[in-house]
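Chain naming here is simple, since letters A, B, ... match the order of the sequence lines and numbering starts at 1 in each.
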Amino acid sequence: MVRLFGFGNQTLNALLRSCRTIKEALQIHAQIVVNGRHADLFVLSGVISFFALSGTRNGLHHSRVLFSQIHFPDVFIWNAMIRGYSLSDTPEDAIFLYKSMLAEGVQSPNEFTFPFLLKSCVRLSRLQTGRQVHCHITKNGFESDIYIVNALLHLYCAFRDMKNACYVFEKSLVRDCVSYNTMISGYVQAGLAFSSLQFFKKMLELHIWLDEYTVVALLSACSSLIDPIAGKQIHCLAYIILGSVSSNILLMNALVDMYAKCGCLKMAERVLSTMGTNKSITALTSVVSAYAQCGEVEVARRIFDQIDEKEKDVVSWTAMISSYSRVGHFLEALELFVQLEGLGIKPDVVAVVAAISACARLGALELGRRIHQKYAENWPFCQHGDFTSAAVDMYAKCGDIDTAMDIFRKTPDHLKTTVLYNSTISGLAHHGLGETAITIFKEMGLLGFRPNEVTFVAILSACGHNGLVEDGKKLFESMLTVYNINPAMEHYGCMVDLLGRAGCLNEAYDIVKNMPFKANSVIWRALLGACKTHGDVELAKTAGEELLAMEPDHGARYVMLSNMLADTDQHEEATRVRKTIDDAGIQKPPGWSYVELNGTLHKFLAGDRSHLEAKATKLMLRDMYMGLKSTGYVFSASKMVFDMD
DNA sequence: CTAGGGTTAG
């Protein structure tokens with residue numbers, strides 16, 4: 001038995017720090033208690049911080065129990081708890097603890113408290129809370145602590161808010177290599193890779209020290225610019241400023257990733273091979289996704305399969321899952337997800353979101369529901385904005401708008417995000433609930449959420465599908481005047497569609513002629529559709545010809561135009577277009593339909609009889625058709641042909 | 001007296 005009487009406090013802390021397992025630490029802790037040393041706050045703080053930072057849920061829980069028994073913890077102990085939770089899967093507890101500390105009114109936060117809090121805000125995707133913490137930092141006079149400045153920069157960069165990041169950067173009296181690194185990667189993440197290189201220039205001019213993180217950030221700038229030449233230069237720079245490169249895993253991963261993302265797969269694999277037997281799962285995952293992005297899913301899968309099962313982690317599985325989704329192989333994606341669950345690997349939020357959105361794309365409502373419900377019970381998932389919005393999107397796309405709205409309504413305001421509003425509004429739009437969409441849009445503004453480009457596509461199309469012409473026009477105008485968003489091609493497209501559907505063909509055509517872009521095929525198609533509905537043959541010809549010129553090998557366009565001509569009794573013209581199709585040997589790629597029943601997916605093609613129950617299905621359809629007819633419904637085949645994609 | 005910031009892959 002160890003006797004701890006003779007040990008000094010610092011020795012006890014050192015002893016704890018040397019523990020490799022929770023069990024060892026528990027033994028030391030027991031001895032501390034047996035020897036009556038636990039009343040000493042300093043000793044106790046060592047114990048609490050060890051368990052809080054152990055990285056395990058049990059350890060954190062143990063420290064929480066000890067913590068709750070202290071009447072007045074000192075600021076070090078508060079910080080240890082806050083830090084522990086900021087790294088845990090429930091970072092919101094860190095914020096909760098901070099509030100408790102303030103409420104207790106005994107201890108004030110110090111310069112160590114805030115970086116942990118800011119980290120929690122980032123992990124929770126809660127910019128609003130982060131701003132409040134920023135206010136507390138100012139109030140407590142910690143604006144010039146370099147650690148806090150860097151944590152603030154990280155906060156704003158993580159939310160792509162480069163305006164506030166710059167503000168903090170410019171205003172700060174202290175800046176170091178970390179500040180510059182954070183800004184460089186912030187610019188890249190915000191999609192402003194070019195600015196990041198300018199920042200790097202500034203860094204060089206001011207002779208700021210460069211380190212491996214600088215190189216990593218610069219490499220990601222090159223990936224984002226798809227500039228392998230610049231990437232190679234940075235690769236050289238790495239040798240100059242760092243000396244040894246191949247022993248630096250972080251750097252090797254970034255290098256492989258850069259070459260992979262730039263499409264230089266040979267180079268990526270060459271760098272990878274220099275890692276010999278130490279190939280990291282990170283670098284391998286980069287190569288897997290790169291192949292998938294180049295359209296070589298099979299190659300990606302082969303590499304993925306060659307990776308040692310024990311090496312594979314959630315990220316590499318998710319990479320393969322998303323690769324399948326990217327090329328539309330949703331069934332394979334979901335198969336992998338189920339396999340991953342079966343192997344006992346715990347999917348994280350990103351993995352589950354990937355699976356749920358694959359269900360959304362497939363229309364696999366019941367599988368989607370199963371996955372959603374299973375993970376909704378794990379509450380770190382519910383805290384995550386991406387999880388909620390993916391679920392809303394899935395239910396809406398699978399036709400269950402009630403559940404989608406239910407989830408939206410049950411989400412507390414502080415967990416709502418712009419993305420959640422976007423999924424909700426576009427879900428409502430697809431279900432023809434334009435009025436509700438507008439209500440939600442207004443609520444969004446009242447709660448202080450800024451609509452973005454995506455929001456406007458959703459809300460404008462909601463107006464379009466519901467004939468809300470005036471609302472649509474007002475919202476479109478407000479984009480620039482109120483929200484300072486430049487309407488993009490898609491927004492003009494929504495307006496053309498909206499006006500066209502409402503029969504304002506001239507107004508729609510005016511938009512096409514006057515907008516700052518050359519109309520794309522989507523816009524011409526919308527206009528052509530409107531001409532068809534409202535019988536404007538002249539404009540239809542213009543739109544149709546434009547469409548043909550734009551997508552000469554897109555068979556569906558020919559079919560549309562020919563159907564339209566036939567429909568307006570211009571049979572000669574129609575035959576001419578048909579002939580063009582045959583002459584060019586153009587074929588419309590078949591459009592598969594999927595229906596999910598009792599957890600099984602059924603695949604169909606038009607006119608397809610391969611399905612086991614094709615005959616029964618046909619009979620059922622005939623019954624339904626007869627039923628419809630008896631109620632006086634008139635079936636129009638021409639409308640069907642027109643709306644085909 | 002103990003401690004904090006930037007990290008690549010989905």
Could one point to a donor on the side chain of [X] or the base of [N] with an acceptor on the other under 3.5 Å away?
X	N	answer
A:Thr182	B:dG6	no
A:Asp348	B:dG10	yes
A:Asp176	B:dG6	no
A:Asp257	B:dT8	no

Taking any heavy-atom pair under 4.0 Å as a contact, classify [X]: base, sugar-phosphate, or nothing.
X	answer
A:Lys312	nothing
A:Glu111	base
A:Asn110	base
A:Phe116	sugar-phosphate
A:Val315	base
A:Ser286	sugar-phosphate

Is a side-chain N or O of [X] found less than 3.5 angstrom from the main chain of [Y], in a donor-acceptor match?
X	Y	answer
A:Ser172	A:Phe169	no
A:Asp74	A:Ile77	yes
A:Asp393	A:Ser389	no

task = Could you tell me whether the phosphate oxygens of B:dG5, OP1 or OP2, come under 4.0 Å of any side-chain nitrogen or oxygen in A:His154?
result = no
ask   = OP1 or OP2 of B:dG6 less than 4.0 angstrom from a side-chain nitrogen or oxygen of A:Lys119, does that happen here?
value = yes
Grab the [atom1]-[atom2] distance between [X] and [N] for me, whole Å please.
X	N	atom1	atom2	value
A:Gln293	B:dA9	CD	P	11 Å
A:Ile234	B:dT8	CD1	P	16 Å
A:Arg123	B:dT7	CZ	P	13 Å
A:Ile321	B:dG10	CD1	C1'	9 Å
A:Leu255	B:dT7	CG	P	17 Å
A:Ile249	B:dA9	CD1	P	16 Å
A:Asp313	B:dT8	CG	C1'	12 Å
A:Tyr156	B:dG5	OH	P	18 Å

Selected nucleotide, minimal atom distance to [X] side chain, candidates [options]:
X	options	answer
A:Pro115	B:dG10, B:dG4, B:dA3	B:dG4
A:Asn79	B:dG5, B:dA3, B:dT7	B:dA3
A:Val350	B:dG10, B:dG5, B:dT2	B:dG10
A:Ala151	B:dT2, B:dG5, B:dG4	B:dG5
A:Lys261	B:dA9, B:dG4, B:dG5	B:dA9
A:Ile281	B:dA9, B:dG5, B:dT8	B:dA9

query = Would a line drawn from the ring center of A:His134 to the ring center of A:Phe114 be shorter than 6.0 Å?
reply = no
task = Would you confirm whether the ring centroid of A:Phe51 sits within less than 6.0 angstrom of the ring centroid of A:His61?
result = no
Single hit among A:Glu332, A:Glu335, A:Arg301 for side chain to side chain donor-acceptor pair (under 3.5 Å) with A:Tyr324 = A:Arg301
ask   = Is a side-chain donor-acceptor pair under 3.5 Å present for A:Ser280 with A:Asn253?
value = yes
request  = Would you please determine if the base of B:dA3 is stacked by A:Phe112, with stacking meaning a centroid separation under 5.5 angstrom and planes under 30 degrees?
outcome  = yes
ask   = Is the aromatic ring of A:Tyr213 within stacking range of B:dG6, meaning centres under 5.5 angstrom and planes under 30 degrees?
value = no
